[in-house]
Amino acid sequence: MKKIGLYLFTNDLRIEDNALLHKASQFVNQLTCVVIEPHLSAFSREFAKEHQYGAHRAKFISQSLIDLESRLANLGHKLVVLRSSALTDEEISREVTLSGIIKSQHVTHLFVSNHCGFDERKLVQSTHANFPNLIVCRQHHSTLFELEQLPFELSKLPRSFTKFRQLVEHLPIDMQGPIITKLPPAPEALSQCHSIQQTDRQLEESSLNVSNINGSSLNNNNFKGGEQAGLAHLHDYFSHPYAHQYKQTRNAFDGKENSTKFSPWLALGCVSPKTIYRSLVQFEAKHGSNDSTYWIFFELLWREYFYWKCLSIGPSLFQNGTDNQNIDSGLATNTTQQNFANWKCGNTGYPIVDACMRQLNATGYMSNRGRQLTASCLIYELGVDWRNGAAYFESQLVDYDVASNWGNWAYIAGDLNQPVHNDKSKNQTQPKSRHFDLAKQTEMYDPDHAFINQWKETEQHTISASKQDKL
Ligand SMILES: Cc1cc2nc3c(=O)[nH]c(=O)nc-3n(C[C@H](O)[C@H](O)[C@H](O)COP(=O)(O)OP(=O)(O)OC[C@H]3O[C@@H](n4cnc5c(N)ncnc54)[C@H](O)[C@@H]3O)c2cc1C
């Protein structure tokens with residue numbers, strides 16, 4: 001029997017080091033490549049109080065899809081792009097829904113990354129339920145380790161990062177990724193299907209109107225989406241000695257080379273963590289290793305920890321410690337509504353927080369230190385439900401990643417290791433929250449207020465950049 005494959009791209013928008021696509025290329029006689037254009041879920045829209053992605057995130061996604069399309073074209077393939085609205089069968093014609101393609105093409109094998117996100121897993125489950133004979137081939141390939149490699153069952157994932165790190169940091173990571181030189185032919189009938197829209201192409205080429213970046217070394221052209229740009233950045237980073245100072249510089253609020261800036265490409269899977277790891281090992285072999293080069297690996301393990309955590313706890317990642325209702329969108333009072341609105345546009349009156357939020361709105365990026373301080377401020381100073389902040393980050397960050405974002409927010413709020421049916425009245429030991437002293441942190445990391453001053457007087461511009469509609 002002919003094997004008809006459908007490869008559904010999610011957080012793996014790449015050809016290089018794509019083990020699952022390689023598997024598909026070896027296994028099926030015909031292959032359709034599909035991506036569902038990422039969109040802000042109703043849950044996140046409600047919590048973020050935003051209708052859609054910010055301009056920087058939207059642009060990064062468009063660039064990544066266009067790059068994937070061109071890389072597939074080099075292999076003689078098309079990329080079918082499904083709008084999120086095309087998910088329901090009553091939309092448009094049946095041919096342009098996922099189910100429609102599976103049905104009309106008589107797809108026998110669905111290849112899809114084994115995503116840790118709850119919504120993404122639900123989509124695969126419901127597709128499988130609609131087509132019980134469909135063989136679903138999945139793989140966790142946005143991580144350094146495979147699930148089978150972990151020396152514990154997922155349900156026994158250590159509660160602390162340190163314990164997790166100690167158990168995994170010596171596991172082997174394969175040093176050679178699969179190489180794809182050819183893909184099975186695409187079905188001809190697909191030529192009428194959706195491709196990347198003109199709006200995406202305009203967005204990809206647009207220069208966002210962000211004229212207020214006051215000499216920031218991060219500007220809107222720093223992050224170009226797509227595998228080619230990601231690999232070029234990786235190459236550029238390790239062509240310089242930055243990695244040897246990483247541990248000393250990584251806490252800076254600004255500065256392109258102070259941290260790796262790998263996160264945007266990692267988040268969409270334009271570059272795999274294994275590819276990054278291999279480049280790090282090569283850099284160490286050539287130029288020597290030190291504490292700093294180890295620390296890059298250490299931070300990649302934090303990413304890993306949040307990934308497996310997200311997978312193991314499922315939808316409870318999106319609950320705060322005081323309620324179990326997903327749809328209650330926080331912001332119960334006028335004060336919290338106003339505090340949240342001020343926080344979003346960088347008008348809280350806490351200078352370091354305002355500078356970081358303006359940086360986010362103007363560039364789509366914020367340093368790790370900045371994320372910790374702005375999150376701490378929203379939760380502990382402004383009394384807002386952390387999920388509102390997490391959803392706003394989701395709408396704006398060019399490197400948004402479900403596990404790293406919601407995991408870090410829950411961690412700062414002290415909600416990450418809550419039992420699923422948390423009951424604070426039962427005198428359980430509460431996990432530690434992370435409340436930062438903003439004045440002390442400013443003294444440590446921005447002692448002469450260079451970063452704060454750089455982002456003063458930018459309220460109007462930054463918010464207009466974040467609100468810029470998709471062209
Ligand atoms: C509230 C909050 C929200 C966050 N949201 C995201 C998010 O949506 N997407 C995202 O990729 N990271 C997120 N992070 C983690 C971290 O801030 C970013 O990964 C980092 O700032 C990206 O810049 P970089 O690539 O230069 O990092 P580097 O310092 O160069 O670190 C190298 C890589 O290690 C990983 N890493 C570093 N720190 C962390 C961390 N704390 N948690 C998980 N992985 C880490 C990233 O993949 C990063 O690219 C968040 C952190 C906080 C506190």
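Computed from a predicted model, the values in this text were never measured in an experiment. Both ligands and their constituent atoms are indexed starting at 1 by order of listing.
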List, one per line, each side-chain donor-acceptor pair under 3.5 Å for residues 115-123, sequence neighbours excluded.
residue, atom, partner, partner atom, Å
His115, ND1, Gly117, N, 2.8
Arg121, NH1, Asn114, OD1, 2.8
Arg121, NH1, His115, O, 2.7

* **For atom 9 (N) of ligand 1, closest protein heavy-atom neighbour** => Asp399 O, 2.8 Å
* **Heavy atom of the protein closest to atom 33 (C) of ligand 1 (residue, atom name, distance)** => Leu300 CD2, 3.9 Å
* Find all atoms of ligand 1 within a distance of less than 4.0 Å from any non-hydrogen atom belonging to Leu266, and give their numbers and elements. => 47 (O), 49 (O)
* To do: Using a 4.5 Å cut-off on heavy atoms from C-beta on, say whether the side chain of Leu167 contacts that of Phe152.
  => yes
* To do: Establish, from distance only, whether the side-chain atoms of Ser44 and Glu394 form a donor-acceptor pair under 3.5 Å.
  => yes
* **Residue Asp401 vicinity, atoms of ligand 1 by number, heavy atom under 4.0 Å** => 7 (C), 8 (O), 9 (N)
* When you check the side-chain N and O atoms of Lys261 and Ser263, is any donor under 3.5 Å from an acceptor? -> no
* Nearest protein heavy atom to atom 3 (C) of ligand 1, by residue and atom, and its distance? -> Asn405 OD1, 3.5 Å
* Asked: Given that the side chain starts at C-beta and the backbone is N, CA, C, O, which of these parts of Ile412 lies under 4.0 Å from ligand 1, counting heavy atoms, or is it both or neither?
  -> side chain
* If you count the atoms of ligand 1 from 1 in the order shown, which ones are under 4.0 Å from a heavy atom of Tyr365? -> 21 (O), 22 (C), 23 (O), 24 (P), 26 (O)
* Asked: Does one side chain, of Tyr277 or Asp174, offer a donor that lies under 3.5 Å from an acceptor on the other?
  -> no
* Asked: When you check the side-chain N and O atoms of Asn290 and Tyr246, is any donor under 3.5 Å from an acceptor?
  -> no
* **Between Phe262 and Tyr237, ring centroids under 6.0 Å** => yes
* Can you pull out the closest protein heavy atom to atom 12 (N) of ligand 1? Residue, atom name and distance to 0.1 Å, please. => Ser404 CB, 3.5 Å
* Closest to atom 30 (O) of ligand 1 (judged by heavy-atom distance), picking from Thr260, Leu397, Asn258, Asn251 -> Thr260
* Report yes or no: do Trp406 and Tyr411 form a side-chain donor-acceptor pair below 3.5 Å? => no
* Considering only non-hydrogen protein atoms, determine which one is nearest to atom 16 (C) of ligand 1 and report residue, atom name and distance to 0.1 Å. => Asn368 OD1, 3.3 Å
* To do: Report the nearest protein non-hydrogen atom to atom 48 (C) of ligand 1: residue, atom name, distance rounded to 0.1 Å.
  => Ser263 CB, 4.3 Å
* **Selection from Gln372, Met366, Lys256, Lys261 by shortest heavy-atom distance to atom 24 (P) of ligand 1** => Lys261
* Going by atom types alone, do Asp236 and Tyr242 pair a side-chain donor with an acceptor below 3.5 Å? -> no
* Closest to atom 46 (C) of ligand 1 (judged by heavy-atom distance), picking from Glu304, Arg303, Arg250, Arg369 -> Arg303
* Specify whether Phe297 and Tyr294 have parallel, tilted or perpendicular ring planes, treating 30° as the upper limit for parallel and 60° as the lower limit for perpendicular. => perpendicular
* Quick one: look up the protein heavy atom nearest atom 28 (P) of ligand 1 and list residue, atom name and how far away it is. => Tyr246 OH, 3.2 Å
* **Enumerated ligand 1 atoms positioned under 4.0 Å from heavy atoms of Phe306** => 42 (N), 43 (C)
* To do: Indicate yes or no: does an N/O atom of Glu299 lie under 3.5 Å from an N/O atom of ligand 1?
  => yes
* Run the contact test for Tyr305 against ligand 1 with a 4.0 Å cut-off on heavy atoms, strictly below, and give the result. => no
* With no hydrogens and no angle check, do the side chains of Ser367 and Asp254 hold a donor and an acceptor under 3.5 Å apart? -> no
* Structure fact -> Of all protein heavy atoms, the one nearest atom 2 (C) of ligand 1 is Asn408 CB, 3.5 Å
